[in-house]
Every structure is written in structure tokens, then in C-alpha cells.
Student: 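Pasting a structure below so you can have a look.
Whatever order the structure lists ligands and atoms in, that order sets their numbers, starting from 1. Position 1 is the first residue of the sequence, and the numbers go up from there.
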Amino acid sequence: MLFMCHQMAMKKEAVAKLKAEELRRAQSASEIPIIWILGGPGCGKGTQCAKIVEKYGFTHLSSGDLLRNEVASGSDKGRKLQEIMSTGGLVSNDEVLSLLNDAITRSKGVSKGFLIDGYPREKNQGVEFEIRVAPADLALYFECSEDTMVQRIMARAAASAVKREDDNEKTIRARLQTFRQNTNAILELYDAKTLTINAERDVDDIFLEVIQAIDCVLKKKQQKAAAQC
Ligand code: AP5
């Protein structure tokens, strides 16, 4: 009995430590902006992220790229991920979030801000991210019609020397369906921190709106930091 009580106390202490560590990590990560980049396949998430990186020097973490790196490693895990990705479905959040978390941890201390591209893709991903990593400051949702998204991906596939395995019409349709099923719930849950941007315009026009939103976040962070001094 005494032994069981001791074990339970140890477990409680371990949980409390873990929570304190999560909180500490969340607080230190939240000193710099964390921005989620949302939108359907081919809406232009990666294109806008490249421009944000150029202007603000943020760290760009694309969930799709992290997963493709794992696939490229040729590991057993990579093979399983590839199977899911080629059906247009979602990989388990444990996989995606641990890849993101590791990448964030590696860049913490040197990063000026994080762009989390292609995440969350369903609302529980967002909830888990904010518990395990840090609260997001802003979500940019690039809204685009399905026809435009399909056209853009097909054009990208035709132009690139190395074609992505999931850039074929059948998988694109499945990716769109996955997107359709999950996105409204994300937008509803994170309405207060989401800016919807019309992505059916010129890349630079879209970027002007992106800049306004990011500048606003940076200003708020600076004001908050100044108030804490
Ligand atoms: P991921 O790699 O994230 O792919 P995606 O969301 O389908 O998006 P893309 O990378 O294809 O497009 P993009 O929006 O970045 O557009 P881009 O800028 O390239 O995910 C792949 C798979 O990984 C998923 O299906 C899933 O299986 C898995 N996965 C990823 N994240 C996950 C998660 N969180 N949970 C579980 N599973 C996950 O632009 C496309 C083209 O359009 C380019 O050629 C570009 O030049 C052009 N373009 C861009 N903007 C414009 C514009 N304004 N006008 C004209 N052309 C434009």
C-alpha cells in the first residue's frame, strides 16, 4: 500500500514537472511570433512563405517538406508516410507534431519567428500544438477556388524537373477532399486569430496583405514586451 502511494506521488510529480516544462517551453517560444499558414493544396502557402522568409527572416517549417524529408530518408517510417500521402489523406498528428516540435526546438534561440506551413490541418492538430509547443499568434488562411488550386498544381508539376508523387489529378482531388472536410472546423475554432486572404490575385498583391498582418503581430509583441519591462 505504502509502495503504491509512493509510486502515485512519483507519477504526480513527474506529470507536474512535464507540465511545468511544457509551460516554460510555451512561454519562451511565444516571445517570437508563431504563424500558422493555412489553405488548400496549391493555394500558394509555400510561395508566400518564401516571401515572408525573405522579408522577415523567419524560420519556415513546412509540414509537407518535413514529411517528404522523412520519406526521402528511405526509412520504414518514411515508406508508411508515403503510402498515406499518396492517398491524399492526413498523416497521424503524433508524427507531424513531433517533426515540427523537433525542428522548432533546434531553431529556438536563433529564430526570429516561426511559419508553420500546412498546419493545423484539422482542429485537434491546432489544439495539440498550442498545448505542446506554444500558442499561435496568427493564422493566415489563403482562400482559393478548387479549380485554381488544381490548375496551379498541374502547372507546377508540368514545369518541375522532379514531380511530387502526390501531384497527379487523382491525388489532388483526394487532397482537396481532405481539405474540404477539415477546414471549416479549424476556421471556426480559430476565428479570432485568423486572417482570410483572397489568394486568387497576383502574388505581390497577396503579400501586401500578409505584410500588414505580420507587422501588426510584431507591433503587438513589442508592446507586450515593453509593458513587461
Ligand atoms: P503539403 O506539402 O503541405 O502540400 P499541400 O498543402 O497540398 O500544398 P502544396 O505544397 O502543394 O501547395 P502550396 O499551397 O504550398 O502552393 P505553392 O506555393 O507551392 O502536404 C502534402 C501532404 O503531406 C498532405 O496531403 C498530407 O498527406 C501530408 N501532410 C502535410 N501536412 C500535414 C499535417 N499537418 N497533418 C497530416 N498530414 C500532413 O503554389 C502552387 C503553385 O502555384 C506554384 O507553382 C506557384 O508558383 C503557383 N502560385 C502560387 N501563388 C500563386 C498566385 N498568387 N498566382 C499564380 N500562381 C501562384
Student: What's the shortest heavy-atom distance between V91 and Q125, and which atoms?
Tutor: O-NE2, 4.4 Å
Student: Return the protein residues near ligand 1 (heavy atom under 4.0 Å from any of its atoms), ordered by chain and residue number.
Tutor: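 Its neighbours under 4.0 Å (heavy atoms only) are G40, P41, G42, C43, G44, K45, G46, T47, S63, G64, L67, R68, M85, G89, L90, V91, V96, G118, Y119, R121, Q125, R152, R156, R164, D166, R175, A199, R201, V203, I206, given by chain and number.
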Student: Can you tell me if K51 has over 12 outside heavy atoms packed within less than 6.0 Å of its NZ?
Tutor: yes
Student: In terms of heavy-atom contacts, does CD of Q181 have more than 12 from other residues, nucleotides or ligands at under 6.0 Å?
Tutor: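 More than 12 within 6.0 Å, yes.
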Student: Could you go through the side-chain contact (heavy atoms from CB on, under 4.5 Å) check for N101 and R132 one step at a time?
Tutor: CA-CA 8 Å; N101 216 349; R132 284 178 53 188; 4.2 Å; yes
Student: side-chain contact (heavy atoms from CB on, under 4.5 Å) between I52 and F207: does it pass, once the steps are laid out?
Tutor: CA-CA 8 Å; I52 298 170; F207 190 55; 3.7 Å; yes
Student: When rounded to the nearest 0.5 angstrom, what is the spacing between CD1 in I84 and OG in S92?
Tutor: 7.0 Å
